[in-house]
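Not measured: the values here are computed from a predicted model.
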Amino acid sequence: MKRAFVLLALGLFLHVKLYSQISEYIYPYSQSPSFSNYGTTGLIQMPSARFYEEGTIGFTWSHLDPYLRGSIMAYPFNWFEASYQYADVNNWLYSPYKDFSGNQSYKDKSFSAKFRLRKESKYFPSVALGFRDLGGTGLFASEYLVFSKFVGNMDFTAGMGWGVISNNSISNPLTNIDARYGDRLVNSVSGKGTQGGEFNISSFFSGEDAGLFAGVEIFIPKSKGIRVKLEYDATDYTKEGYLPVEQTSDFNFNFTYPITKNLQIKLGYIRGNTLNFGFSYTGSYGKKDPFIKKNDPPKTVPNAAAFRRVNARDPRNLYISSLKYLGESKLYLQSADLNESEYSVAFSQNTHVSYARAAGRVARVLDQIAPESVETFKITNLNAEMPLFTTKIDRSNFKKYEQLNLSSALLESSEIYKITNEEYRGHKYQPPSDIPKVLSKISPSVRSQIGGPDGFYFGDVSVAWHNEILLAENFSILAIANFGILDNFDDLKLASDSILPHVRTDIVKYLKQSKRARVSRLQANYFIKPLDDIYFKFTGGLIEEMFGGFGAEFLWRPFTKNYAIGTELWRVQQRDYDMLFSFRDYMTTTGFVNYYYAEPKSKIMLKITGGRFLAGDSGIHMDISRRFKSGFKVGVFASKTDISKLEFGEGSFDKGFYFHLPIEVFYPNYSKGVAGFGLRPLTRDGAAILVHGHHLYGVTDQSSYMNILRDWDDIYD
């Protein structure tokens, strides 16, 4: 009967007369995929071939004894799902030594990935290939091939799995291709005796047996989005985890209810003997204004016709009007020059993530106040007194194409290029500077320590006081002070076992001794642009929470190219654990050569860094990320240095993921702030990189023709 169930599901996929439009059957919120307990789109325990749209981030939590699982999922593309899982294994202790971990249960961390091989069509199912527990200890390591097909209001899934997904077994069909697929390394499943974190590629799709699974997700019409899931489970619970889990049935079922478009809850009965409950939350952040439409239109200059007449009498009137009305739009005039029919301005701003939008808003203000004799606007964006790009716009075309909403036509008639420092500094009007000035803001700050033997979660909440003191346009001091409010760090006691210099693994001491007050950063920065496409930054002070010192960064970034090359060199000393103004004895020199490559079609950014890390090890760090229209960015990183797996310790090598989300997606007004989240499975000393503020590649982000084109359709926003 079990195999008949699988064959029936497969047969339905190939039935050519069945419908595939689920929207004919269901109501809002129901079309979004749902998640399995393993942090992937799927049924209950088993995966499916469903994916969220690119730019989506999701979180799931589930309780299925003996496991508590939390997962973070990211979709850099609509054909790729990446997830990080954290499992609390309640039937196994963190350590057999009570003095070390007491009764704390074992914690397992792992990565998973799924790739869509074929998109669903009218007659054929969606097909996906997936890998579970790629880089952890391998307690849940599995690979699978899965098919999903909508039939009316039912979404059928069937597939084959290897590793832990090998119950309901058949002989592994791949052994007919190569006998080596018959042997699966023990460590690839149990992880016992390894440092964890290794990719056991040689074990993929191997083992004597493969497992069959199938299921269906039934969308209940006129029920506010309730769906029922039934599945035939191929998990081999004798292989999963450290101790076997009792199973009395291969069939699982649950109810999933979407409370909102983003939030789902679920309740099920698994293995024939265990209740399962959980929830998931997803957000799609990739599109322009993904959550809240902006209510921040360009400002209108009152009595603009009168200003045009007055400004025609004397260029100085135009300069002063530009200073006033650009400033009211948070676009700060740095210089201006009226030369017959061409009006040139240079400005800086810290409001708009889209550089084209900022330039477009400058053009709107100038069009309202400039005399009718002005035919061309020449607008230069500055950052740290460095000209990064210039947009030359025909005034009549700007107005004409605005009415037709044809930003692409405006692009064809405009010029985008770079000017020299001397050209903008030679402008006739240089407004009086309001420097020195202090920019301040206060915000909450959270530090977390997750998954150690002392407890599942330790954290603190503090008030962060951010200050940037501008002593000159290209010379600033960045200062961040934190004042503690609440923490539970007192029970943290795990000491570092690293045999390398403790450049990161003394994190417990830093957390405990800095919880009242700390200076997170006190960094002076001086920027210069001596030649076209050449940038320098000189930095000194308390550079990050664990190190202070001095150093320099160099960047060559050709304006019309999609690559850049840089170097950086630092002499630093380890800060004391209280994160105030004293230092420890450890000093080191660290430095890198950095290569950046931005692929224009996919919006993938590759950064390769090679050099000497904080603990004295040398090697390569690779970072791959993708930026979306909203400014949302998601990325992964990995490092490999000249230390051995034993020297590195648990995890074998450094890796992790992150995402950066512009805070303006949650507000009706434009803002340039970014909220970031990053996670690495373990804090180790190997491959540690100095975290300094104001990286040159970020400071010069608008010094890229490709980035201007990326945002050009914002020119009229």
Any donor-acceptor pair under 3.5 Å linking the side-chain atoms of Ser148 with those of Thr157? yes
Give the table of side-chain donor-acceptor pairs shorter than 3.5 Å for residues 44-70, with sequence neighbours excluded, one pair per line with atom names and distance.
| from | atom 1 | to | atom 2 | distance (Å) |
| --- | --- | --- | --- | --- |
| Gln45 | OE1 | Asn37 | ND2 | 2.8 |
| Gln45 | NE2 | Tyr237 | OH | 2.9 |
| Ser48 | OG | Thr41 | O | 3.4 |
| Ser48 | OG | Arg50 | N | 3.3 |
| Arg50 | NE | Asp155 | OD1 | 3.4 |
| Arg50 | NE | Asp155 | OD2 | 2.9 |
| Arg50 | NH1 | Glu120 | OE1 | 2.8 |
| Arg50 | NH2 | Glu120 | OE1 | 3.0 |
| Arg50 | NH2 | Asp155 | OD1 | 2.7 |
| Tyr52 | OH | Pro33 | O | 2.6 |
| Glu53 | OE2 | Ser284 | OG | 2.5 |
| Glu54 | OE1 | Arg626 | NH1 | 3.0 |
| Thr56 | OG1 | Glu53 | O | 2.7 |

From the list Arg447, Lys515, Lys512, salt bridge (charged side-chain N to carboxylate O under 4.0 Å, His left out) with Asp487 holds only for Lys515
Contacts of Phe666 meeting ring pair (Phe, Tyr, Trp, His ring centres under 6.0 Å) (sequence neighbours excluded), chain-then-number -> Phe291
Please tell me whether Phe131 and Phe204 form a close aromatic pair, meaning their ring centres lie under 6.0 Å apart. yes
Side chains of Asn167 and Thr235: closer than 4.5 Å at any heavy-atom pair? no
Classify the ring geometry between Phe111 and Phe657 as parallel (under 30°), tilted (30 to 60°) or perpendicular (over 60°). perpendicular
Determine whether a donor-acceptor pair (N or O, by modelled atom type, separation under 3.5 Å) exists between the side chain of Lys229 and the backbone of Gly42. yes
Return the set of residues passing side-chain hydrogen bond (donor to acceptor under 3.5 Å, both in side chains) with Tyr257 (not counting sequence neighbours), or none when no residue passes. none
Is the side chain of Lys287 donor-acceptor paired with the backbone N or O of Tyr285 at a distance under 3.5 Å, no angle test? no
Aromatic ring proximity, centroids under 6.0 angstrom, Tyr281 and Phe35: no
Main chain of Ser498, side chain of Asp685: is a donor-acceptor contact present, judged purely on distance under 3.5 Å? no
Does Ser171 have any side-chain hydrogen bond (donor to acceptor under 3.5 Å, both in side chains) partners at least two apart in sequence or in another chain, and if so, which? none
Sequence neighbours excluded, which residues qualify as side-chain hydrogen bond (donor to acceptor under 3.5 Å, both in side chains) partners of Tyr38? Glu240
Residues in ring pair (Phe, Tyr, Trp, His ring centres under 6.0 Å) contact with Phe80, at least two apart in sequence or another chain: Phe115
Look only at the side chain of Glu544 and the backbone of Met546, and say whether a donor-acceptor pair between them is shorter than 3.5 Å. yes
Would you check if the side chain of Ser625 reaches a backbone N or O of Lys633 as a donor-acceptor pair within less than 3.5 Å? no
Heavy-atom distance under 4.5 Å between the side chains of Asn172 and Asp209, does that happen here? no
After noting the C-alpha distance and the side-chain angles of Ser83 and Glu81, does the key distance pass the side-chain hydrogen bond (donor to acceptor under 3.5 Å, both in side chains) rule? CA-CA 7 Å; Ser83 61; Glu81 173 189 81; 5.1 Å; no
Rounding to 0.5 Å, atoms CG (Asn273) and OG (Ser249) come to a distance of 9.0 Å
Under 4.5 Å between any side-chain heavy atoms of Glu545 and Val691, yes or no? no
Side chains of Leu139 and Tyr242, heavy atoms from C-beta outward: is any pair under 4.5 Å? yes
Classify the ring geometry between His660 and Tyr658 as parallel (under 30°), tilted (30 to 60°) or perpendicular (over 60°). tilted
Checking Ser462 side chain against Pro444 main chain: does a donor-acceptor pair fall under 3.5 Å? no
Ser112 and Thr40, any side-chain heavy atoms less than 4.5 Å apart: no
Atom pair CZ (Arg684) and NE2 (His502), whose distance is rounded to the nearest 0.5 Å: 8.5 Å
Could you check whether any side-chain heavy atom of Tyr232 comes within less than 4.5 Å of a side-chain heavy atom of Asn168, counting everything from C-beta outward? yes
